[in-house]
Peer 1: 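My questions will all concern the structure given below.
Treat the numbers as computed from the prediction; the structure is a model and nothing was measured.
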Amino acid sequence: DGGITQSPKYLFRKEGQNVTLSCEQNLNHDAMYWYRQDPGQGLRLIYYSQIVNDFQKGDIAEGYSVSREKKESFPLTVTSAQKNPTAFYLCASSPWGSYEQYFGPGTRLTVT
Amino acid sequence: AQKVTQAQTEISVVEKEDVTLDCVYETRDTTYYLFWYKQPPSGELVFLIRRNSFDEQNEISGRYSWNFQKSTSSFNFTITASQVVDSAVYFCAPRRGSGGSNYKLTFGKGTLLTVNP
């Protein structure tokens, strides 16, 4: 089955630790995105990548880092510099030239 | 600057009622795209529809219909004969019309729809 996989669904970390969230897609989509969602809020863009080995900052990139070494994978690292890392993180992808973005199931990160 | 407003924070209806979700998108762009997404309790966003700014023709798909009026910057979404499974948060998400950073979707804060049996 084609789709976007995010793992794990729930993640717990201690403050001060870096943590990497996984996002994999087998849809052969070129572009991939990371969004953050806080309770009662819409999604905000963290990073996006339109092709392999290239990515751009979104609206709230501070405290996050990404890599795009393979077309299928776009991992997000939440660093200790991110002041409020507890949130729901959603990964999305879209085919080249398409406007629709398709979302994964999300990872709920809790940092205490 | 662009601004997307979903003024309804929460709506509660009884099953089989019709319900309309409002979205207003203020922009000076002449070309843009408007999307509606549904987020059920599971959390995953589900794409519902995309409309282009140059196409004001309304659309109906099953129990869903969309009304886009460029003159008032409104892109409203109506569910006819609502069902309990329609309970979710609905997001309006515009996107600017050209390339580069304009790939970004700008999400409204969402409207929580609860359909009671």
Side-chain angles (χ1 to χ4, degrees), chain A residues 1 3-11 21 23 25 27 29-51 54-61 74 87-110, chain B residues 1-11 21-25 29 31-55 75 88-114:
Chain A
D1 284 82
I4 302 172
T5 304
Q6 291 186 246
S7 60
K9 190 166 179 65
Y10 299 94
L11 191 54
L21 281 59
C23 178
Q25 54 98 359
L27 301 167
H29 287 176
D30 293 282
M32 297 186 74
Y33 310 80
W34 273 106
Y35 291 88
R36 169 186 172 133
Q37 185 179 26
D38 293 287
Q41 301 294 316
L43 280 67
R44 292 182 291 168
L45 182 65
I46 304 172
Y47 269 98
Y48 65 100
S49 167
Q50 295 176 37
I51 56 173
D54 186 57
F55 49 82
Q56 285 79 41
K57 294 181 179 179
D59 297 321
I60 55 166
F74 191 40
F88 187 49
Y89 290 88
L90 286 150
C91 177
S93 69
S94 63
W96 180 261
S98 172
Y99 303 111
E100 291 84 32
Q101 294 182 18
Y102 299 91
F103 286 80
T107 292
R108 195 167 299 277
L109 173 65
T110 302
Chain B
Q2 295 75 41
K3 181 180 179 183
V4 55
T5 303
Q6 292 182 256
Q8 304 151 308
T9 305
E10 296 186 36
I11 299 176
L21 308 179
D22 300 330
C23 174
V24 174
Y25 177 50
D29 293 343
T31 301
Y32 51 89
Y33 304 91
L34 293 160
F35 299 79
W36 276 96
Y37 282 86
K38 172 183 178 180
Q39 186 177 39
S42 62
E44 182 171 348
L45 265 75
V46 178
F47 166 71
L48 295 176
I49 191 172
R50 180 196 91 197
R51 301 297 294 172
N52 308 327
S53 58
F54 44 85
D55 180 4
F75 181 39
V89 180
Y90 290 82
F91 290 100
C92 174
R95 203 208 85 166
R96 302 183 73 180
S98 52
S101 63
N102 296 331
Y103 285 106
K104 181 180 75 172
L105 292 174
T106 301
F107 283 82
K109 292 190 176 181
T111 297
L112 172 61
L113 172 64
T114 302

Peer 1: Is there a side chain to side chain contact (heavy atoms under 4.5 Å, CB included) between A:L90 and B:L45? Walk through the geometry before answering.
Peer 2: CA-CA 9 Å; A:L90 286 150; B:L45 265 75; 3.8 Å; yes
Peer 1: Which residue, B:Y37, B:F47, B:F35, B:F91, forms the ring-ring contact (aromatic ring centres under 6.0 Å, His included) with A:F103?
Peer 2: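 The single option meeting the ring-ring contact (aromatic ring centres under 6.0 Å, His included) with A:F103 is B:Y37.
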Peer 1: Any idea which of B:G43, B:G110, B:S42 has the most non-hydrogen atom pairs under 4.5 angstrom with chain A?
Peer 2: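 The answer is B:G43.
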Peer 1: Under 4.5 Å from any heavy atom of chain B, what part of A:Q37 do you find: side chain, backbone, both or neither?
Peer 2: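 A:Q37 touches chain B through side-chain heavy atoms alone.
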Peer 1: Drop me the distance from A:D59's CG to B:T106's OG1, to the nearest 0.5 angstrom.
Peer 2: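 The OG1 atom of B:T106 is 7.0 Å from CG of A:D59, to the nearest 0.5 Å.
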Peer 1: About how many Å separate CD1 of B:I49 and CD of A:E100, when rounded to the nearest 0.5 Å?
Peer 2: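 Rounded to the nearest 0.5 Å, the CD-CD1 separation comes to 10.0 Å.
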Peer 1: Less than 4.5 Å to any heavy atom of chain B: does that hold for the side chain of A:L43, its backbone, both, or neither?
Peer 2: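 Contact with chain B involves both backbone and side-chain atoms of A:L43.
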Peer 1: Atom CD of A:Q6 and atom CD of B:E44: how far apart are they, to the nearest 0.5 Å?
Peer 2: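 The CD atom of A:Q6 sits 8.5 Å away from the CD atom of B:E44.
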Peer 1: Side chain, backbone, both or neither: which part of B:Q39 has an atom under 4.5 Å from a heavy atom of chain A?
Peer 2: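 The side chain, not the backbone.
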Peer 1: Checking heavy atoms, do the side chain of A:Q41, its backbone, both or neither come under 4.5 Å from chain B?
Peer 2: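 Both backbone and side chain.
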Peer 1: Around A:K57, counting heavy atoms of other residues, nucleotides and ligands shown, do more than 12 lie under 6.0 Å from its NZ?
Peer 2: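 Atom NZ in A:K57 is not crowded, with 12 or fewer foreign heavy atoms closer than 6.0 Å.
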